[in-house]
Amino acid sequence: GSAMLDKTYRPASVETRQYEAWERAGCFAADPASAKRPYTIMMPPPNVTGSLHMGHALTFTLQDILIRFERMRGRDALWQPGTDHAGIATEIVVASRLAERQIDKRTLGREAFIERVWEWKAESGGTITRQLRRLGASADWARERFTMDEGLSAAVRRVFVTLHREGLIYRDKRLVNWDPVMHTVISDLEVESRETQGKLWHIRYPLEGDAGRFIVVATTRPETMLGDTGVAVHPDDARYTALVGKKVRLPLVGRLIPIVADEYADPAMGSGAVKITPAHDFNDFEVGRRHGLEVLNIFDRDAHMNDAVPEKYRGLERFAARRAVLADLEAEGLIEKTEDHVLMVPHHDRSGEIIEPWLTDQWFCNAAELAKPAIAAVESGQTRFVPRQWENTFFEWMRNIQPWCISRQLWWGHQIPAWYGPDGKVFVAESEAEASREAAAHYGGEVALSRDEDVLDTWFSSALWPFSTLGWPEETPELKRYYPGDVLVTGFDIIFFWVARMMMQGLHFMKDQEGRGEVPFRTVYIHALVRDERGQKMSKSRGNIIDPLDLIDRYGCDALRFTLAALASPGRDIKLAESRVESSRNFATKLWNAARYAEISGCSLKPGFDPRTCHLTVNRWIAGATRECAAAVTGALEAFRFDEAANHLYHFLWGSFCDWYLEFTKPILAGDDAAAGAETRATTAWVLAQTLHLLHPLMPFLTEEVWQQLAGAQVATPGATPGAIEAGMLIVGHWPDLPPELHDPAAAAEMEALIADLSAIRAVRAELNIPPGTRIAAELRDADPAAAARVGKYADYFLRLARVDVSEGAAGGGAVQVVGAGATFVLHVGTIIDLSREKTRIAKEIERFDADLARFAQKLANPAFLAKAKAEVIEEQREREADARRGRERLKAAYDRIAAG
RNA sequence: GGGCGAUUAGCUCAGUGGGAGAGCAUCUCGUUUACACCGAGAGGGUCGGGGGUUCGAACCCCUCAUCGCCCACCA
């Protein structure tokens, strides 16, 4: 063997070394030429300038678990990594870094600014991928992509041009969500409504030609009255029927505007009359359209008043304008009343700025059309969501989807491939040369074209990720082999932003041999968000951020990974408590020491060893338990139950293997029976090896380290890359597929009964404070044959693990009665304990049995139960009642004996 | 306003019709050579309230309460 393992596992020294070894040996690389079945996960590309947070740690841990699991199951695993240029987010970061140095983005100019962004990417772009490596992510880094790579940019242009030709991308003048500080439009999804304490002002609008009479409208945004072009009342509102068709004179402005009847007006709200500002409110826009009202834009792109308003308000920014308007209305006695009012104010989720509905020309994508096949694909199960409930969320949004505004007035991103001729005619093409040719053909000669200055929404390129990363529009072997992906793992917060759009684009552009659209992934696994231990969202402002790298430093990567997996129950947020990570670290140490013990005890893996050939019950038992654990872990991972996989492994390794099996077998290893010793050593090593395999996806570093120190070099793994074979790496090992015959029911029953006996005796000893070192003579009473045989067979276990000598005869003094599995143990404790205390203890236990018996009796005496319950349920209840009765009888006998002295 | 989810031990959470569980924390005992990041034990819960279905409910249905999230045009 190898050098003896250190006393404790030191993650830091192991992690870097193992990771580099894996990468060097090519273990992460997918192999398009392989005969294996492919397995693909597209990594959701993190922001290129980002750094690892707990949400990343969770999502990438889960993905890595799946990738390692399937790789070990013999699949050609591709985990496609990359980063996203994250248009707005990155532009904001770079602009504010420049602002710190008193440099204004706009003064700098477009080209220079973009250069600065590329510099910033070069500087910080490697951070996130370095951190992913520290997390153990086994992604195929040689295939790393960036959404603004030339290849991916070409894919973006091809998609844009194609959809435009198909009429699914078009230019339109509509109200959009405008950020007046960043000077860009954003999509509906990027608007975040925030509850705000505001006021509701009731304003009198004088009726034309009817001096002294008013119609009162209520508004939360009085400054927009300068752009009012109508007042709406409900057609059935009797109060206003006579006024419909009449006009009001707009205060401060003097324009005459009509009163129209529209169902939008809610008679129950305010006065029942509502001012209509079509250019600055989405609802009003629709009302205006229905009644042919003028659309009067009163804001410029900074949300300052423009020349459409009376001179005194021009140039005022929106809140200054509000104050001025209110003051003037007040002065004219036109404010009827003011109420406090809570309203939802739209903000840009990135910049935090208050959004202004504003009328502009933008590029839109006909999402409703693209959504149809995506909806059908989920309905038919071609793509399924796990947990299932998220399909409803997906459907709800997709069935009510609005046109997707895809242009942004930013600089960092894919510039829209559209060029304008002198007369404004647009030429959409994949390159400027192509646009020029088209223009020349159109105009009958060379003309100067100007390119559309806008860039595309970041999510436009992310939507293509499942195929653009594989080389599309080229027909690469990768594209053919790795599309569609198997699983997409992500949080619910980007189902709309990303998942839905990948579905739309994938189905539209990727076709199978029959020409039908192909989904980008078969399964969407949606995980929860990570919160702090009190359930609060982690945020800088709350100061409750837990840095995953900090946890990795202090507890090891495997401890963090195991914790996240164990907490990843479906449909629930993850509240991360550090104590949980500590407990996982302890688990890692436990495994480390079990392996160390195996090494010290000479338990080395025997190639070709088959545990079915074991003779000793204890070995047959643990081999069966290993197979049960393997089956449970495999099933759990197949079902994305990372939590169950973690828990099964925890209990098997710590409980069954360490607490019982290793303790049971110590005397065998120390004993004279060479055959028994050899069998047990081989079994111990075998169980450990299976466990290392099963645990590897969750704790890759520790398991790899232990594997190589204990067994790795001796066991070649067919099918692995040459470097990995040579190194005997666990990462490319074979996932345990253990035969069901390993489970030996008789051996399991015997060992479980033994464990029950020992536990019962230990509990009583502890309860009666019998010193642990005190050996006690014991004899059996009322034993059934199986129990008698078992106790005889395992006398040395009773001695060592429960400190009772079952072979010694009776001695004098007080006796303690312990009910085990099928027998009573009479412990001759001499004068160690107080008999009255023992009587009390037994009486308490009898009470417990009585309570159980009463329940069983009631149930079994119930004719309805006997008539309607399933036969096996009744039988089970009968057996349990019989067990309880036997237990009680033994205790009662014991009690009587004590009472009799 | 609509929708979804949660409510089980002090804390964090498993448990989809038939014996209420785990980890951590607490308490007791113990350093017997893998491990004190350990071992052996113990205490602790009318499973949010109410109603219903059922022979039987933590689990299914209804209802209420509280908390969280998502969507939405309430001026």
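Every heavy atom of this structure was used, including side-chain atoms; hydrogens, water molecules and symmetry mates were not. Since the model is a prediction, treat every value here as computed from it, not as a measurement. All chains are named by letter (A, B, ...) in the order of the sequence lines, taking the proteins before the strands, and each is independently numbered beginning at 1.
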Validate the cation-pi geometry between A/K666 and A/Y597: distance from NZ or CZ to the six-membered ring centre under 6.0 Å, angle to the ring axis within 45°.
yes
Taking the cut-offs as 6.0 angstrom to the six-membered ring centre and 45 degrees off its axis, would you call A/R204 and A/F214 a cation-pi pair?
yes
Counting heavy atoms from C-beta on, name the nucleotide in [options] closest to the side chain of [X].
X	options	result
A/F865	B/rC37, B/rG18, B/rG43	B/rG18
A/K859	B/rG41, B/rG39, B/rG19	B/rG19
A/S759	B/rG19, B/rC55, B/rG41	B/rG41
A/Q389	B/rG43, B/rC4, B/rU54	B/rC4
A/R596	B/rG15, B/rC35, B/rC13	B/rC35

Say we look at [N] and [M]: how far apart would their [atom1] atoms be, to the nearest angstrom?
N	M	atom1	answer
B/rC4	B/rU63	P	12 Å
B/rA34	B/rA40	P	14 Å
B/rU46	B/rU33	C1'	49 Å
B/rG41	B/rC24	P	15 Å
B/rC64	B/rG45	P	31 Å
B/rG10	B/rG19	C1'	26 Å
B/rG1	B/rC59	P	29 Å
B/rA22	B/rG15	C1'	10 Å

When we call it a touch if two heavy atoms are under 4.0 Å apart, what does [X] touch: a base, just sugar-phosphate, or nothing?
X	result
A/Q877	sugar-phosphate
A/R554	nothing
A/R762	sugar-phosphate
A/R848	sugar-phosphate
A/A763	sugar-phosphate
A/E663	base

Return the polar atom pairs (N/O with N/O) between nucleotides 23-31 of chain B and the protein under 3.5 Å, or none.
{"unit_1": "B/rG23", "atom_1": "O2'", "unit_2": "A/S583", "atom_2": "OG", "d": "3.4"}

We want to know whether A/E705 and A/Q709 form a side-chain donor-acceptor pair, criterion being a heavy-atom distance below 3.5 angstrom.
yes
Can a side-chain donor-acceptor contact be found between A/E582 and A/S579 if the only test is distance below 3.5 angstrom?
no
Starting at the 5' end of RNA chain B, what dot-bracket string do you get if Watson-Crick and G-U pairs under 3.5 Å are bracketed, crossing pairs use [ ], other-strand pairs use | and unpaired bases use dots?
((((((((.[[[[.)..(..]]]].(((((.......))))).....[[[[[..)....]]]]])))))))....
Decide yes or no on salt bridge (charged side-chain N to carboxylate O under 4.0 Å, His left out) for A/K870 and A/E876, but give the supporting numbers first.
CA-CA 10 Å; A/K870 279 181 286 189; A/E876 190 197 343; over 6 Å; no
At under 4.0 Å between heavy atoms, how does the protein contact nucleotides 69-75 of chain B? Give one character per nucleotide, 5' to 3', with B, S or -.
---BBBB
With sequence neighbours excluded, what pairs up with [X] under the side chain to side chain contact (heavy atoms under 4.5 Å, CB included) test?
X	value
A/Q402	A/D188
A/R681	A/C603, A/L669
A/E192	A/R194, A/D349

Do A/R880 side-chain and B/rG19 base share a donor-acceptor contact under 3.5 Å?
yes
Evaluate the salt bridge (charged side-chain N to carboxylate O under 4.0 Å, His left out) criterion for residues A/R880 and A/D883: first the C-alpha distance (whole Å), next the side-chain angles of each, then the deciding distance (0.1 Å), finally the verdict.
CA-CA 5 Å; A/R880 289 178 48 204; A/D883 283 349; over 6 Å; no
Considering only NZ, NE, NH1 and NH2 on the basic side and carboxylate oxygens on the acidic side, decide whether A/E263 and A/R290 come within less than 4.0 Å.
no
Using 4.0 Å as the upper bound for N to carboxylate O, is an ion pair formed by A/R554 and A/E578?
yes
Is the distance between the ring centroids of A/W390 and A/F385 under 6.0 Å?
no
Does B/rC55 have its OP1 or OP2 closer than 4.0 Å to a side-chain nitrogen or oxygen of A/K870?
no
Derivation and outcome, side-chain hydrogen bond (donor to acceptor under 3.5 Å, both in side chains), residues A/T393 and A/E396
CA-CA 5 Å; A/T393 307; A/E396 179 62 23; over 6 Å; no
